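A short write-up of the structure that comes next.
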Amino acid sequence: MPHDPDPPPAKKFKPGSVFFRIDKNKPGMLLPRKANVTTPIEVQRKQLPIYQAKPQLLNQLRQLHNAVLIGETGSGKTTQIPQYLYEAGIGRQGIIAITQPRRVAAISLAGRVAEEKRTQLGKLVGYTVRFEDVTSSETKLKFMTDGMLLREAIGDPLLLRYTVVVLDEAHERTVHTDVLFGVVKTAQRRRKELNKIPLKVIVMSATMDVDLFSEYFNKSPVLYLEGRQHPIQIYYTKQSQSDYLQAALVSIFQIHQEAPPSHDILVFMTGQEEIEALARTCRDIAKHLPDSCGPMVVVPLYAALPPALQLRVFLSAPKGCRKVILSTNIAETSVTISGIKYVIDTGMVKAKRFNPDSGLEVLAVQRISKAQAWQRAGRAGREDSGFCYRLYTEQEFDNLIPMTVPEIQRCNLAGVMLQLMALGIPDVMNFDFMSKPSPEAVRSAVEHLELLGAVERKEGQVVLTALGKKMASFPLEPRYAKTILLSPDYSCSEEVLSIVSLLSVDTVLFNPPARREEVLAARKKFCTSEGDHITLLNIYRAFKKVSGNKEWCRENFVNSRNMGLVKDVQAQLREICLKLNLKLVSCGAETGNVRRCLAHGMFVNAAELQPDGSYLALDTHQPVAIHPSSVLFHGKPAYVVFNELLHTSRCYMRDLCLVDADWLLDAAPDYFGRKLHLTKS
DNA sequence: CGGCTACGG
């Protein structure tokens, strides 16, 4: 049994400030009032904090073309503002769009507002997300993912169907929201120039740091709404912790011993493995505690967890039993759990970084930002006052960066640049981003697109090629789109469509660690030395052969739900292929064609075996290794292309495909000839 | 030789 030699852990903490989410000193704040869920909808609507501000809000929003709205979740801004606008006749000539970063949010908000308007979903109020369009010609209030509005913009850059665009959760700064900022700003300006119906843009944020938003949208006024956040007592460690996992463990049991059992604990950690390991340790220790302590249920939470297990975080623990949730940052925004009294914040997160020199994204454990720390703390105060234990010192907190670096500055921009060009933006290199990505990142993305043949340079300008235009019509990363467009040349478009679809969803494979041997045995019959892509293809073919039989899926550790999504994606991609008059053919057993095609589409992600048995990425010459999840993990292929690099303990290549050196040279003779010392095998 | 933040089209 693991055991803790340290002194009582609470002694290691010192109290920090009491944290209120919203600054009470700001002028124009509204006072919160308790909601009552048993009251009728009309009354509930009037009890929302925002209701008191309705006349002033409407007065302002009627006149303004741009506004920034700050309001805590619970202020009612997302459900009420669109209704207020509609009821007041603002933007009646068109549709009011409300964008969300996540599908579930778009869907559930639309449901809620339809209920409040007492109408059937899809009539006056509707939603649009990928694979689901619940709108009609009557729809005036349209909830949608920001990615969906972006795709619509490709066909209609001026967004002429819309009179108002509400960009919600803007503080999250997803890539899609950030691109949309520029798209709506451009549309707004162009519509004015062309004397079209004006476009009103409302930016909504849950955090106070909105100067950037306001500045970017023509110094638009900022309106504040009070939410229903309760005070949270913050604690910091007295000393810096070298081992945050140990510190988390100690803190969990400290709280467990002292707090009433009905008080649930939410611990923020970085990843699946770490979470599962700590869960085991906690369960072990809990078993051996004195009876005075009471039992504990430990619930892991991360995106890769099967949905049925994810739901366990919402079940309340049996009476007298404490619930401890060990979660990734999924619980920061995507999953909201009630009853959390204590948050333990390790201060760490696994997140993407981008190296513009190599054009490669890297996933690494790193410190969170202050904004993230507040977001995490806030999860303890949703129904009542709470506590947040930060496993770092106050000084360490002070040294955190204030804001999370927007995703647009942390990712490969190839897809974004392609999309902007498809939107007809004239000078993408100097696009008006709210937070500009580095010039290197932009240049790297454009070079990437040039290599793929999606863009070319004409008179100093970067322009879209015919191929690039086709590529942009796929909801895919450019290299996947390119691979699909190449596939008829290798008579394997059916196979490539399947593979790209398989790679577009979260993994279709279950890997329960406890049943490792069984998993390996079941999977063996699909594995091939050709690599992970063909292995996935084999699994998909087998899946189709049994018509998606559930029992077969269970026996083979295949996630039937995600397989269903694969079929949806494939259907969507096939539709686009048909529109582009692409020949859909199968190569049958000739899977070498598929690998050839992948080599041509993915040559930028190639690696070469070195004499010492290690691998070097061909474009950057950085050392890389085969990820243990790959079917090629125990092999030593001379050349591979891979889907992505994952920098954890080492720089791992994930999803590998065996290729010939000749194919790579064929795909990009100049590129490899100029930059690399590819030795023919 | 050994392991997979979170979203989205």
Side-chain angles (χ1 to χ4, degrees), chain A residues 99-106 128-133 144-154 169 172-180 268-277 301-305 327-335 346 348-353 361-366 368 372 375 404 407 410-411 415-416 418-419 422 472-478 480-481 500-501 504-507 509-511 513 516 532 565 568-569 572-573 576 612-615 623 625-630 632-636 643-655:
Chain A
T99 69
Q100 295 292 321
R102 283 170 292 281
R103 295 167 52 98
V104 278
T128 306
V129 299
R130 192 183 192 185
F131 305 130
E132 255 187 292
D133 181 12
M144 60 205 302
T145 47
D146 41 22
M148 208 63 216
L149 185 57
L150 259 187
R151 283 228 81 83
E152 278 191 13
I154 293 182
E169 310 282 10
E172 289 190 28
R173 303 296 304 273
T174 67
V175 174
H176 287 155
T177 311
D178 265 32
V179 176
L180 263 185
F268 282 102
M269 304 177 49
T270 71
Q272 172 178 350
E273 202 182 56
E274 182 177 282
I275 285 170
E276 292 292 356
L301 178 64
Y302 46 86
L305 199 70
S327 174
T328 60
N329 42 346
I330 192 172
E332 270 172 30
T333 49
S334 310
V335 176
T346 59
M348 305 301 279
V349 68
K350 198 177 283 183
K352 227 163 228 172
R353 281 184 190 159
E361 295 170 341
V362 155
L363 191 61
V365 171
Q366 48 202 303
I368 60 172
Q372 246 173 321
Q375 178 68 26
T404 311
E407 210 185 348
R410 291 186 287 124
C411 69
V416 168
L418 184 64
Q419 206 155 22
S473 57
F474 289 95
L476 293 170
E477 284 167 49
Y480 292 152
V500 166
S501 308
S504 297
V505 306
D506 297 330
T507 178
L509 307 176
F510 280 129
N511 288 307
R516 199 162 157 269
D532 299 301
L565 280 176
D568 290 343
V569 175
Q572 187 186 33
L573 299 181
I576 297 168
D612 66 357
S614 69
Y615 283 86
I626 300 179
H627 194 276
S629 67
S630 172
L632 296 179
F633 181 59
H634 292 287
K636 287 263 181 269
N643 280 343
E644 60 174 353
L645 278 187
L646 189 74
H647 201 130
T648 47
S649 58
R650 303 167 72 182
C651 200
Y652 286 111
M653 302 176 275
R654 271 216 293 208
D655 299 313

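Please read all numbers here as calculations on a predicted model, not as lab measurements. Labels below follow one simple rule: chain letters A, B, ... track the order of the sequence lines, proteins then strands, and each chain is numbered from 1. Basis for what follows: all heavy atoms, side chains included, without hydrogens, waters or symmetry-related copies.
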### Query
For A:Gln572, which residues count as a side-chain hydrogen bond (donor to acceptor under 3.5 Å, both in side chains) partner, sequence neighbours excluded?
A:Arg130

### Query
What is the nucleic acid contact for A:Ser629, judged by heavy atoms within less than 4.0 Å: base, sugar-phosphate only, or nothing?
base

#### Entry: Touch class at under 4.0 angstrom, heavy-atom based, for A:Arg102 against every strand present
sugar-phosphate

### Query
Of all residues at least two apart in sequence or in a different chain, which pass the side-chain hydrogen bond (donor to acceptor under 3.5 Å, both in side chains) check with A:Glu407?
none

### Message
Categorize A:Glu407 for me: base, sugar-phosphate, or nothing, with a 4.0 angstrom heavy-atom threshold over every strand shown.
### Response
base

### Task
State which residues pass side chain to side chain contact (heavy atoms under 4.5 Å, CB included) with A:Cys651; sequence neighbours excluded, sorted by chain then number.
A:Gln622, A:Val624, A:Leu645, A:His647

### Query
Checking all strands, does A:Phe131 fall into the base, sugar-phosphate, or nothing category for heavy-atom contacts under 4.0 angstrom?
nothing

### Task
Have a look at A:Arg173 and say if it touches a base, only the backbone sugar-phosphate, or nothing, with a 4.0 Å heavy-atom cut-off.
nothing

### Message
Within the 4.0 Å heavy-atom criterion, would you say A:Ile626 contacts the bases, only the backbone, or no part of the nucleic acid?
### Response
nothing

### Message
My understanding is that only residues two or more places apart in sequence, or in another chain, count here; which of them pass side chain to side chain contact (heavy atoms under 4.5 Å, CB included) with A:His176?
### Response
A:Asp146, A:Leu150, A:Thr174

### Message
Set out, in order, the CA-CA distance, both residues' side-chain angles and the distance that settles salt bridge (Lys or Arg N to Asp or Glu O under 4.0 Å) for A:Glu274 and A:Lys350, then state yes or no.
### Response
CA-CA 11 Å; A:Glu274 182 177 282; A:Lys350 198 177 283 183; over 6 Å; no

#### Entry: Of A:Lys636 and A:Gln272, the one whose closest DNA chain B nucleotide lies more 5'
A:Lys636

### Task
Applying ring pair (Phe, Tyr, Trp, His ring centres under 6.0 Å), name anything that partners A:Phe474, two or more places apart in sequence or on another chain.
none

### Message
If you assign A:Ser630 and A:Thr128 each to the DNA chain B nucleotide with the nearest heavy atom, which residue ends up on the more 5' nucleotide?
### Response
A:Ser630

### Message
What's A:Val365 touching, base or sugar-phosphate or nothing? Going by heavy atoms closer than 4.0 Å.
### Response
nothing

### Range on DNA chain B touched by chain A - first to last nucleotide, heavy-atom distance under 4.0 Å
B:dC1 to B:dG9

